[in-house]
Amino acid sequence: MDFNPNSSFLYLVAVAVILFILAQSVFFLIRAYRRGKEIGMDVKKLRTTITSSAIFTVAPAVSILLGVLTLSKFLGLPLPWIRLSVIGAITYELPAATSTASALGIPISETITDPTVYSAITWVMTLGILPSTILVPILLKRIQGGLISIKNKDSKWGELLISAMFMGMISAFMGMVFANIRNGLPGWIPIFVMFFSAALMAVCGLLIKVLKVKWLQDYALPICMLGAMAFAVIITPVIS
Amino acid sequence: MDSRIYEEKTHHYGKIWTWTAVLVFVLVPVSVCIFYNAWPPFMSVFKGLLGVAPIFWTVGFIEVITFTPMLGTGSSYLAFVTGNLTNLKVPCAINAMEINDVKSGTEEGEIVSTIAVATSSIVTTLIITAGTLLLGTLTPFLNSPVLKPAFDNILPALFGALGVVYISKNLKLAVTPMLFMIILFVSVPSLAGSVGILVPVGAVISILMARLLYKKNMI
């Protein structure tokens with residue numbers, strides 16, 4: 001059978017997966033929202049959480065879309081669409097596709113025409129990322145049990161532990177921003193962007209706390225992100 | 001409903017959704033193989049996996065240990081199906097809990113985190129879907145050299161704003177892991193591609209530092 005990585009069949013498979021993802025997300029959203037109302041949480045706050053999370057998501061989601069675009073040149077559209085809508089991320093999918101293609105001696109610069117190569121890549125992409133999904137139902141209760149026993153023994157330390165874990169994540173990503181500083185001034189661009197974003201957040205903090213601009217609290221993070229991304233667009237041609 | 005019953009039910013539904021998701025994920029390559037009658041040789045899949053599985057299985061395990069305590073129950077089940085944790089779901093959930101002034105591990109935190117991750121998953125899926133369907137129209141925009149620096153710098157833009165909030169609140173806690181990571185990345189720039197593995201390293205350093213400061217009553 002002729003193989004086309006943009007065939008109607010593959011689009012149908014993609015639509016089925018996307019509908020499943022949407023159904024799961026809507027299920028958890030409605031359930032949490034109803035529970036929030038049930039225990040007397042402020043409905044306005046719950047709604048604002050939805051709006052602010054949606055706005056915050058736009059810029060990273062467009063960046064994920066760029067990943068679909070990158071992979072589509074090699075894999076067609078349906079497979080990257082599926083992979084980047086589920087647990088996959090471009091940082092994983094591209095190495096997975098590259099690794100399989102090189103094992104089969106196929107260049108990744110051309111669109112795949114061999115269904116066996118395509119199915120091999122699909123298997124590697126799927127199996128390579130599956131453990132993190134499988135481990136949640138297996139480990140989550142045990143991890144939470146451990147945390148609860150720590151909190152029961154010492155609640156302040158329990159809270160500090162979570163903050164410390166989050167600080168670990170932030171420090172890794174902020175440290176990564178410094179990776180290219182030995183490449184001269186262009187290597188500093190991510191650092192300038194990071195500091196600009198931090199400065200914007202500091203201004204937002206002042207506006208919220210001193211001038212009582214309360215609505216800004218819910219939208220400060222996306223505003224700072226987009227502002228810093230715009231700053232990157234301005235300074236990159238000047239510095240590079 | 002008692003909060004413990006709600007929590008138990010969340011685990012119950014979470015497990016059903018997750019195992020169904022695993023089945024759906026596996027059905028994708030199975031359906032490709034059946035429809036095109038193209039079962040790949042075992043060795044080609046094995047060799048392909050060999051290139052990525054050792055790292056990504058390790059990262060997957062580490063991510064589950066590191067992120068589930070921050071996310072809570074419902075959002076963990078959801079986020080580990082819909083993906084993009086570090087660049088999207090975890091910051092989104094943490095930010096939502098922060099602006100609602102609720103803590104991870106409480107029922108309010110659980111609800112806010114789940115709403116944030118679910119909304120983020122829906123919006124991401126819709127944007128990717130719309131983008132995929134309109135790719136012909138959007139490609140010149142997405143590939144525009146003018147906008148390239150914006151997307152190249154999305155992580156510094158995110159973690160600058162997020163970092164300043166948490167560092168200012170936990171300055172003593174932040175100094176050591178921050179300095180360690182900066183020195184590490186400046187010394188070995190190629191590690192930027194393995195940042196996922198360094199998240200737990202940062203977490204361990206941060207936890208050890210927190211314990212030390214806590215024992216000395218400094219935080």
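Labels below follow one simple rule: chain letters A, B, ... track the order of the sequence lines, proteins then strands, and each chain is numbered from 1.
Counting heavy-atom pairs under 4.5 Å between each of A/V15, A/D218, A/L79, A/T48 and chain B puts A/D218 at the top. Comparing A/I39, A/L46, A/I143, A/T57 by how many heavy-atom pairs each has under 4.5 Å with chain B, the most go to A/T57. Counting heavy-atom pairs closer than 4.5 Å to chain B, the top residue among A/T126, A/T100, A/T236, A/V177 is A/T126. The residue among B/V32, B/I127, B/N37 with the most heavy atom pairs within less than 4.5 Å of chain A is B/I127. Ranked by heavy-atom pairs shorter than 4.5 Å toward chain B, the options A/G67, A/G158, A/A23, A/A164 are led by A/A164. The candidate from B/S76, B/A53, B/G105, B/A96 with the greatest count of non-hydrogen atom pairs under 4.5 Å with chain A is B/S76. Put simply, of B/I122, B/T86, B/T125, the one with the most heavy-atom pairs under 4.5 Å next to chain A is B/I122. Comparing B/L27, B/N95, B/L198, B/V112 by how many heavy-atom pairs each has under 4.5 Å with chain A, the most go to B/N95. When each of A/A220, A/C204, A/P131 is checked for heavy-atom pairs under 4.5 Å with chain B, A/P131 comes out on top. Contacts with chain A were tallied for B/V117, B/T66, B/V28; B/V28 has the most, counting heavy-atom pairs under 4.5 Å. Each of B/T114, B/I62, B/N153 has some count of heavy-atom pairs under 4.5 Å with chain A, and the biggest count is that of B/N153. Your options are A/L66, A/I181, A/L147, and the one with the most heavy-atom pairs under 4.5 Å with chain B is A/L66.
Other residues, nucleotides and ligands contribute over 12 non-hydrogen atoms within 6.0 Å of the CH2 atom of A/W157. For B/Y214, the OH atom sits in a packed shell: over 12 heavy atoms of surrounding residues, nucleotides or ligands are nearer than 6.0 Å. A 6.0 Å sphere centred on NZ of B/K103 holds no more than 12 heavy atoms belonging to other residues, nucleotides or ligands. Within 6.0 Å of atom CZ in A/F27, more than 12 heavy atoms from other residues, nucleotides or ligands are found, so the atom counts as buried in its surroundings. By the neighbour-count criterion of 12 heavy atoms within 6.0 Å, atom CG of A/D154 is densely surrounded, having more than that number from other residues, nucleotides or ligands.
Residue contact with chain B, scored on non-hydrogen atoms closer than 4.5 Å, involves the backbone and the side chain of A/V58 alike. For a residue to count as touching a neighbouring chain, one of its non-hydrogen atoms must lie under 4.5 Å from one of that chain's; by this rule B/I128 touches chain A with backbone and side chain alike. In this structure, the portion of A/M41 lying under 4.5 Å from any heavy atom of chain B is its side chain and not its backbone. For A/I134, the parts sitting under 4.5 Å from any heavy atom of chain B are the backbone and the side chain alike. Interface residue B/A21: backbone and side-chain heavy atoms are both found under 4.5 Å from chain A. Contact annotation for B/S190: neither backbone nor side-chain heavy atoms come within less than 4.5 Å of a heavy atom of chain A. The part of B/E7 that comes within reach of chain A is its side chain, from C-beta onward, which places non-hydrogen atoms under 4.5 angstrom from that chain. If you measure heavy-atom distances from A/Q24 to chain B, the contacts under 4.5 Å come from both the backbone and the side chain. For a residue to count as touching a neighbouring chain, one of its non-hydrogen atoms must lie under 4.5 Å from one of that chain's; by this rule B/L85 touches chain A with the side chain only. Using a 4.5 Å cut-off between heavy atoms, B/W39 touches chain A through backbone and side chain atoms alike. Contacts between B/V30 and chain A at a heavy-atom distance below 4.5 Å involve backbone atoms as well as side-chain atoms. Interface residue A/I82: only side-chain heavy atoms are found under 4.5 Å from chain B. Only the side chain of A/S52 comes within contact range of chain B, with at least one heavy atom under 4.5 Å from a heavy atom of that chain. Both the backbone and the side chain of A/F166 come within contact range of chain B, each with at least one heavy atom under 4.5 Å from a heavy atom of that chain. For A/R35, the parts lying under 4.5 angstrom from a heavy atom of chain B are both the backbone and the side chain. In this structure, chain A has heavy atoms under 4.5 Å from both the backbone and the side chain of B/K9. Only the side chain of B/I94 comes within contact range of chain A, with at least one heavy atom under 4.5 Å from a heavy atom of that chain.
B/T73 and A/Q144 share a donor-acceptor pair across their side chains, judged by distance under 3.5 Å alone. If you check the side chains of B/S113 and B/S75, you find a donor sitting under 3.5 Å from an acceptor. Checked by atom type, the side-chain pair A/R83/A/T122 shows no donor-acceptor distance below 3.5 Å.
Atom CD of A/Q217 and atom CG of B/N100 lie 8.5 Å apart (nearest 0.5 Å). Within the model, atoms CG of A/L22 and CZ of A/F20 stand 11.0 Å from one another, a figure rounded to the nearest 0.5 Å.
In this structure, A/F178 has its ring center at least 6.0 angstrom away from the ring center of B/F185.
Looking at every heavy atom in both residues, A/I21 comes nearest to A/S85 through CG2-O, 4.1 Å.
Listed by chain and number, the residues in a side chain to side chain donor-acceptor pair (under 3.5 Å) with B/Y6 amount to none (sequence neighbours excluded).
Between A/K141 and B/E8 there is a salt bridge, since a side-chain N of the basic residue sits under 4.0 Å from a carboxylate O of the acidic one.
Within the structure, ring pair (Phe, Tyr, Trp, His ring centres under 6.0 Å) pairs that include any residue of residues 58-79 of chain B comprise B/H11-B/Y77 (at least two apart or interchain).
For the pair B/S168 (side chain) and B/V165 (backbone), a donor-acceptor distance under 3.5 Å is present.
Side-chain contact between B/L158 and A/P60 is absent, with no heavy atoms from C-beta onward closer than 4.5 Å.
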